[in-house]
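Step one of this worksheet: look at the structure below.
Below, read A as the first sequence line, B as the second, and so on, with proteins coming before strands; counting in each chain starts at 1. As the structure is a prediction and not an experimental result, all values here were calculated from the model.
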Amino acid sequence: MAKQPKTAITPTRAEDYPQWYQQVIREADLAEISPVRGCMVIKPWGWAIWENMQQALDKRFKETGHVNAYFPLFIPLSFLEAEAEHVEGFAKECAVVTHHRLEPGPDGGLVPAGPLEEPLIIRPTSETIIGFMYAKWVQSYRDLPIKINQWANVVRWEMRTRMFLRTTEFLWQEGHTCHATEEEALEETRLMLDVYAEFAENVMAMPVIKGEKTADERFPGAVSTLTIEAMMQDKKALQSGTSHFLGQNFAKAQKIIYQDKQGLQQHAWTTSWGASTRLIGALIMTHSDDDGLVLPPKLAPQQIVILPIIKGDETRDAVMQYCEELEADLKNQQYADSNIRVFIDKRDLRGGEKKWYHVKRGVPLRIEVGPRDMENGQVFVGRRDTGKSEGIDRAEFVANAGDMLNDIHDGLFQRALALRQSNTKTIETYEEFEEYFTSTDEGQGGFAMCHFAEDNPEVLKMIAKHKVSIRCIPLEDKSGPGTCIFTGEASRCRAVFGKSY
RNA sequence: CGGGAUGUAGCGCAGCCUGGUUAGCGCGUUUGACUGGGGGUCAAAAGGUCGGAGGUUCAAAUCCUCUCAUCCCGACCA
């Protein structure tokens with residue numbers, strides 16, 4: 001046996017977390033950097049995960065009364081200028097299209113030619129162009145609400161990119177709704193946050209904190225921004241989905257006006273909400289271990305992989321047949337309202353190699369079937385989440401496969417929740433706060449629940465020193481009022497403080 | 001965009017300081033044999049314009065300049 005590292009991924013999380021993250025992506029074959037700066041190629045395994053996410057989210061959007069549509073990739077420059085805060089937020093990271101053709105250059109090669117009269121920007125988000133269309137579509141209160149979602153790519157020219165977490169181009173969905181009343185828009189904002197949270201927990205097995213962003217973290221142009229925040233295994237926070245109440249800001253800027261029942265002209269109320277391929281990054285950093293990716297069963301492109309163990313040609317056909325029958329039986333079993341996704345890996349690889357291939361890709365259950373199991377009417381089952389494996393009676397396993405996947409989902413969720421809980425601390429003084437976020441070894445902070453003075457630049461300055469930001473004010477916080485640990489002012493509630501991506 | 005690091009075979013690296021035969025190693029790949037409940041053994045083979053462009057030199061992976069890209073830290077953000 002050749003010398004192998006103790007873990008499939010080197011370095012380990014403990015040794016070098018950012019490097020570990022890169023390696024997991026490579027070993028699981030999720031994505032690769034591309035020749036285009038800051039942009040990545042999402043490979044079939046990564047894409048299949050995204051498709052499963054899309055499917056689960058899309059189903060929830062439709063169930064809550066939304067429809068899909070598509071708006072252009074290009075946005076006239078003048079559109080972005082409409083909403084002042086929106087401009088400020090996005091202007092510095094826009095890709096701009098200024099020409100519409102190429103011509104042979106004087107020194108060979110091609111040079112841009114045919115300047116555009118008005119430059120186009122590539123959407124960093126679509127509030128402005130969708131708002132423009134909504135202004136045309138909305139005349140009467142009878143036209144409202146409009147609840148549209150689009151699956152799209154967007155471009156934000158960020159300074160620093162990281163695979164899945166922040167790339168120049170990324171994929172997402174953006175929902176844009178338009179309502180007659182403030183209450184209805186607020187309700188929508190809140191509803192979609194709940195959809196994201198439910199998806200995160202029930203599909204991704206990722207516990208999240210629902211909360212509201214403080215003014216400085218708000219979406220440019222929003223009245224309020226709601227967020228789901230998750231804790232990664234390095235104890236940093238990752239914003240995993242956002243839902244914005246835009247008030248009448250965009251409606252006023254873009255003249256989305258309707259005539260109400262009294263015949264009066266009214267500005268509409270709008271919302272927008274989005275979740276992106278960043279969720280794949282969240283998935284990786286929530287569950288994966290030093291042997292690679294760990295997939296929650298509902299998102300796993302293959303939930304069970306069957307590995308035939310062939311020992312010589314005599315038993316080959318018999319084992320294959322046994323595996324195929326097993327596959328057929330398993331495919332008839334249900335998990336999470338659909339048939340279990342099963343794959344037989346028939347490649348002519350050695351058993352060990354094949355096993356590690358699927359371990360690194362995060363397949364929840366591995367079934368190894370050799371002549372011995374066949375004789376005993378058993379299957380040898382390995383669980384990705386716990387690393388444990390055991391022989392199980394074939395019929396029993398088939399009958400319980402769905403339950404087992406369910407158990408894996410719950411286990412992953414509980415493990416992630418336990419990590420967050422054991423790294424969340426209620427903090428009462430600034431000294432304690434400093435110590436919490438300064439200590440270096442295992443305990444380099446996590447989430448801190450603190451009373452704070454809202455919209456106070458002093459507070460922001462004091463926490464920025466420790467590279468900490470206010471992640472959100474939890475919606476379900478019941479701590480009640482207290483005293484700001486930074487300024488001593490009165491505070492109406494606690495917020496989640498933490499380092500973040 | 002500031003600070004730091006790195007770019008040599010698919011992956012991980014050595015060589016560079018102190019320029020000088022055909023640029024090495026491990027893993028992987030291909031072929032064959034032996035194997036086969038765990039990323040195996042033996043043998044053979046393929047694979048590199050040393051990130052790119054200039055320069056210094058008789059001679060550059062090695063020295064200099066520029067440039068591109070990646071990674072880390074920061075500022076900014078899904």
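Nucleotide B:G32: paired with B:C42 (Watson-Crick or G-U wobble, both distances less than 3.5 Å). With both pairing distances under 3.5 Å, B:G74 is matched to B:C1 as a Watson-Crick or G-U wobble pair. Look at B:G7: its Watson-Crick or wobble partner, with both distances under 3.5 angstrom, is B:C68. Base pairing of B:U49 is not made with any nucleotide, judged by Watson-Crick or G-U wobble geometry with both donor-acceptor distances under 3.5 Å. Pairing for B:A60 is absent, judged as Watson-Crick or G-U wobble with the two contacts each under 3.5 Å. Searching all strands for a Watson-Crick or G-U wobble partner of B:G19 with both distances below 3.5 Å returns nothing.
A:N153 and A:R123 share a side-chain donor-acceptor pair at under 3.5 Å. Judged by distance alone, the side chains of A:W269 and A:E188 never bring a donor and an acceptor atom under 3.5 Å apart.
Of the options A:F79, A:F219, A:W157, a ring pair (Phe, Tyr, Trp, His ring centres under 6.0 Å) to A:F90 is made by A:F219 and by none of the others.
B:A78 atom P lies 8 Å from atom CD of A:E158, rounded to whole Å. Rounded to whole Å, atom C1' of B:G39 lies 11 Å from atom CG of A:D291. Distance, A:I367 CD1 to B:G38 C1': 15 Å, rounded to whole Å. Atom CG of A:D348 is separated from atom P of B:G32 by 11 Å (rounded to the nearest Å). Separating the CG atom of A:L165 from the C1' atom of B:C76 is a distance of 15 Å, rounded to the nearest angstrom. Put simply, CD on A:Q23 is 9 Å from C1' on B:G12, counting in whole angstrom units. To the nearest angstrom, P of B:C27 lies 13 Å from CD of A:E353. Atom CD in A:E93 sits roughly 10 Å away from atom C1' in B:A78 (whole-Å rounding).
Base contact: A:T167 has a heavy atom under 4.0 Å from a base atom. Among the heavy atoms of the strands lying under 4.0 Å from A:G370 is at least one base atom, whether or not backbone atoms are also near. Backbone-only engagement by A:Q239 is indicated by non-hydrogen atom pairs under 4.0 Å involving sugar-phosphate atoms exclusively. Across all strands, A:F380 comes closer than 4.0 Å to base atoms (heavy-atom distances).
The pair A:R384-A:D289 meets the salt-bridge criterion, with a side-chain N (NZ, NE, NH1 or NH2) lying under 4.0 Å from an Asp/Glu carboxylate O. By the 4.0 Å N-to-carboxylate-O rule, A:K210 lies too far from A:E198 to be salt-bridged with it.
The nearest heavy atom of RNA chain B to A:T168 and to A:W356 marks one nucleotide each, and the one closer to the 5' end goes with A:W356. Toward the 5' end of RNA chain B, the nearer of the two residues A:T242 and A:I309, judged by each one's closest nucleotide, is A:I309.
Not a single donor-acceptor pair under 3.5 Å links the side chain of A:S272 to the backbone N or O of A:G175. A distance-only check finds a donor-acceptor pair linking the side chain of A:T189 to the backbone of A:A185 [under 3.5 Å].
Comparing B:A78 with B:G37, their C1' atoms are spaced 45 Å from each other, to the whole Å. For the C1' atoms, the distance from B:G26 to B:A14 is 10 Å, rounded to whole Å. Taking atom C1' in both B:A33 and B:C17, one finds a spacing of 47 Å when rounded to whole Å.
Around the CD atom of A:E325, the shell of radius 6.0 Å holds more than 12 heavy atoms that belong to other residues, nucleotides or ligands.
Aromatic stacking of A:W172 on B:A78: not satisfied for centres closer than 5.5 Å together with planes under 30 degrees.
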Q: Heavy atoms under 4.0 Å is the rule here; annotate nucleotides 68-75 of chain B 5' to 3' with B where the base is hit, S where only the sugar-phosphate is, and - elsewhere.
A: -SSSSBBB
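A close approach under 4.0 Å does occur between a side-chain nitrogen or oxygen of A:R26 and OP1 or OP2 of B:G12.
Below the 3.5 angstrom threshold, one finds no donor paired with an acceptor across the side chain of A:R350 and the base of B:G36.
For A:K360, the side-chain atoms get nearest to B:G39 when compared with the rest of B:G37, B:G39, B:C76.
Ring geometry for A:F61 versus A:Y196: interplanar angle over 60°, hence perpendicular rather than tilted (30 to 60°).
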